[in-house]
K.L.:
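Take a look at the following structure, please.
As the structure is a computational prediction, the values presented were derived from the model and not from experiment. Atoms within each ligand, like the ligands themselves, are counted from 1 in listed order.
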Amino acid sequence: MKKFFKTNLKDSIKNIFSSAKDKEESIEEIEEALILADISFDIVERIVKSLRKSQSIFKKENVIDVLKKELIGILDINKNEINLNEKTVFLIVGVNGSGKTTTAAKIANYYKNQGKRVLLSAADTFRAAGSEQLKLWGERLGINVIGGDKGADSGSVVYNSMASFMSKDYDLLIIDTAGRVQTKENLMKELDKIVKIIKKFDESQPKESFLVVDATMGKNTLEQARKFKEFSGLTGLILTKTDGTAKGGTVINIIDELRVPIRYIGTGESENDLEIFSLNEFVNYLIE
Ligand SMILES: Nc1nc2c(ncn2[C@@H]2O[C@H](COP(=O)(O)OP(=O)(O)O)[C@@H](O)[C@H]2O)c(=O)[nH]1
Ligand SMILES: [Mg+2]
């Protein structure tokens with residue numbers, strides 16, 4: 001996993017144990033370090049409680065063990081591996097600017113490089129450039145894109161995409177959607193409408209609906225995620241811009257709130273800047 005997230009949790013913990021202190025004093029400093037890493041107060045309190053309860057000798061190694069156990073407990077959400085053994089539709093949702101279109105192109109490229117036949121659907125018909133941007137990616141990456149004109153009905157783009165996907169020899173369809181809808185109610189209606197059209201073709205699709213979240217938004221990152229909590233179809237998260245100023249705590253808060261796993265991480269603006277999320281690597285990176 002590439003170096004990502006600006007976090008100094010590791011160094012903070014090292015520093016805390018570099019001078020002799022009593023247990024309570026150390027716990028208070030750990031608490032502060034966790035909050036500075038942007039982990040929500042609620043989660044920090046849970047972790048601190050376990051640290052206080054911990055009977056083992058209070059030294060760095062044991063504290064790291066407790067922290068790891070707690071974090072993995074929060075982050076380890078039951079999930080199956082994503083496999084594309086059968087025809088698969090991914091739906092990409094999220095607010096404007098979170099990185100949906102870029103991520104749709106990156107995922108398409110990732111699976112194309114694994115020999116899968118991929119189709120992209122540009123269902124963001126709100127913005128003039130919404131559809132155009134994905135078509136440009138498609139041309140560059142050699143991936144077919146189905147789109148519509150600006151102002152076209154997103155439903156008709158999804159319909160055409162599904163028709164092509166189902167009748168041709170594709171493995172994966174990735175549907176990029178619009179994030180700009182005036183109210184949350186309209187946004188949910190729009191997404192429900194898209195899901196309904198997909199299901200008309202195949203009741204078992206979309207196999208995955210990913211919420212794309214910009215990791216650099218601090219507290220707003222969680223607010224973005226909450227907007228989509230009512231979208232019942234959500235199966236996973238994609239965190240973008242982890243190459244920016246984001247702190248790792250954000251990841252923990254979002255998973256704790258939405259209870260869906262993180263699947264991919266965006267680490268830059270080019271097509272290869274995508275990684276499969278690994279929980280153990282992430283936790284080790286954060287604290288070990
Ligand atoms: N640094 C960085 N920039 C990203 C990443 N993902 C997307 N972006 C940039 O974020 C901006 C918005 O992305 P876009 O895909 O258009 O977002 P959308 O409105 O949700 O479709 C673009 O300038 C992208 O290049 C990432 O992982 N890292
Ligand atoms: Mg877009």
Side-chain angles (χ1 to χ4, degrees), residues 1-7 90-110 118-141 143 145-154 157-158 161 173-182 184 186-187 190-191 194 208-218 220-228 231 234 236-248 250-251 254 262-278 281-282 285:
M1 200 181 271
K2 250 195 207 172
K3 186 167 164 48
F4 67 131
F5 291 119
K6 309 280 174 289
T7 171
F90 286 175
L91 185 65
I92 310 283
V93 306
V95 302
N96 250 358
S98 57
K100 289 180 297 301
T101 302
T102 312
T103 304
K106 286 179 188 176
I107 295 177
N109 184 58
Y110 176 84
V118 185
L119 178 65
L120 280 164
S121 172
D124 177 2
T125 49
F126 274 93
R127 283 185 289 181
S131 201
E132 215 41 54
Q133 188 191 353
L134 196 61
K135 282 182 195 152
L136 285 175
W137 272 111
E139 275 167 30
R140 269 191 45 209
L141 302 173
I143 294 168
V145 180
I146 296 201
D149 297 327
K150 172 180 160 28
D153 176 28
S154 61
V157 175
V158 172
S161 305
L173 168 66
I174 303 171
I175 303 175
D176 181 25
T177 63
R180 190 200 58 188
V181 181
Q182 288 82 350
K184 195 166 79 179
N186 283 348
L187 182 58
E190 165 89 5
L191 293 178
I194 288 173
E208 302 282 345
S209 296
F210 297 122
L211 173 62
V212 174
V213 200
D214 177 343
T216 62
M217 304 291 284
N220 284 336
T221 301
L222 193 56
E223 280 312 308
Q224 277 183 29
R226 281 195 183 123
K227 263 196 180 165
F228 287 86
F231 177 48
L234 214 59
L237 294 166
I238 298 172
L239 215 61
T240 58
K241 312 186 196 181
T242 62
D243 51 314
T245 55
K247 293 179 184 169
T250 305
V251 177
I254 293 180
I262 295 196
R263 294 299 200 169
Y264 307 93
I265 294 273
T267 57
E269 292 186 272
S270 88
E271 64 264 29
N272 293 318
D273 296 328
L274 181 82
E275 306 220 2
I276 306 284
F277 182 75
S278 151
E281 271 181 56
F282 172 70
Y285 175 79

K.L.:
Which residue and atom name correspond to the protein heavy atom nearest atom 17 (O) of ligand 1, and how close is it?
P.N.:
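For atom 17 (O) of ligand 1, the nearest protein heavy atom comes out as Gly99 N, 3.0 Å.
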K.L.:
Does the Lys100 side chain pair with the main chain of Ala178, one donor and one acceptor, at a distance under 3.5 Å?
P.N.:
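Not confirmed, Lys100 side chain does not pair with Ala178 backbone.
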K.L.:
Among protein heavy atoms, which lies nearest atom 27 (O) of ligand 1, and at what distance?
P.N.:
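It is Lys241 N, 3.0 Å.
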K.L.:
Applying a strict 4.0 Å limit to heavy atoms, is Gly268 in contact with ligand 1?
P.N.:
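A heavy atom of Gly268 does come that close to ligand 1.
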K.L.:
Would the number of heavy atoms belonging to other residues, nucleotides or ligands and lying under 6.0 Å from NZ of Lys135 be above 12?
P.N.:
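Yes.
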K.L.:
Taking side chain as C-beta onward, heavy atoms only, is Thr102 less than 4.5 Å from Thr240?
P.N.:
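Not in contact.
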K.L.:
For the side chain of Thr242 and the backbone of Gly266, is there at least one donor-acceptor N/O pair under 3.5 Å apart?
P.N.:
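Judged by distance alone, yes, a pair lies under 3.5 Å.
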K.L.:
Is the shortest distance from a heavy atom of Gly97 to ligand 1 less than 4.0 Å?
P.N.:
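Yes; Gly97 lies near enough to ligand 1 that a heavy-atom distance drops under 4.0 Å.
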K.L.:
Could an N or O of ligand 1 be found under 3.5 Å from any N or O of Thr103, whether backbone or side chain?
P.N.:
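In fact, backbone or side chain, Thr103 has no N or O that close.
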K.L.:
Side chain, backbone, both or neither: which applies to Glu275 and ligand 1 if a contact is any heavy-atom pair less than 4.0 Å apart?
P.N.:
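Under 4.0 Å from ligand 1, Glu275 contributes no heavy atoms.
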K.L.:
Look at the rings of Phe90 and Phe210 and say which category their plane angle falls in: under 30° parallel, 30 to 60° tilted, over 60° perpendicular.
P.N.:
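Correct class here is perpendicular.
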K.L.:
Would you say Gly94 contacts ligand 1, with heavy atoms under 4.0 Å as the rule?
P.N.:
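It does not, in that no heavy atom of Gly94 comes within the 4.0 Å cut-off of ligand 1.
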K.L.:
Please check this pair: side chain of Thr177 against backbone of Ile92, looking for a donor-acceptor N/O pair closer than 3.5 Å.
P.N.:
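Indeed, once roles are kept as given, a pair shorter than 3.5 Å links the two residues.
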K.L.:
Any N or O of Asp176 that comes nearer than 3.5 Å to an N or O of ligand 1?
P.N.:
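No.
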K.L.:
Consider every N or O of Thr240 and every N or O of ligand 1, then say whether any pair is closer than 3.5 Å.
P.N.:
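N/O-N/O distance under 3.5 Å: no.
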K.L.:
Suppose I only count heavy atoms of Gly266 and a 4.0 Å limit; which atoms of ligand 1 are within that range?
P.N.:
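What qualifies from ligand 1 is 27 (O).
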K.L.:
Which option, Val212, Thr242, Asp243, Val95, owns the non-hydrogen atom nearest atom 2 (C) of ligand 1?
P.N.:
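Nearest option to atom 2 (C) of ligand 1, by heavy atoms: Asp243.
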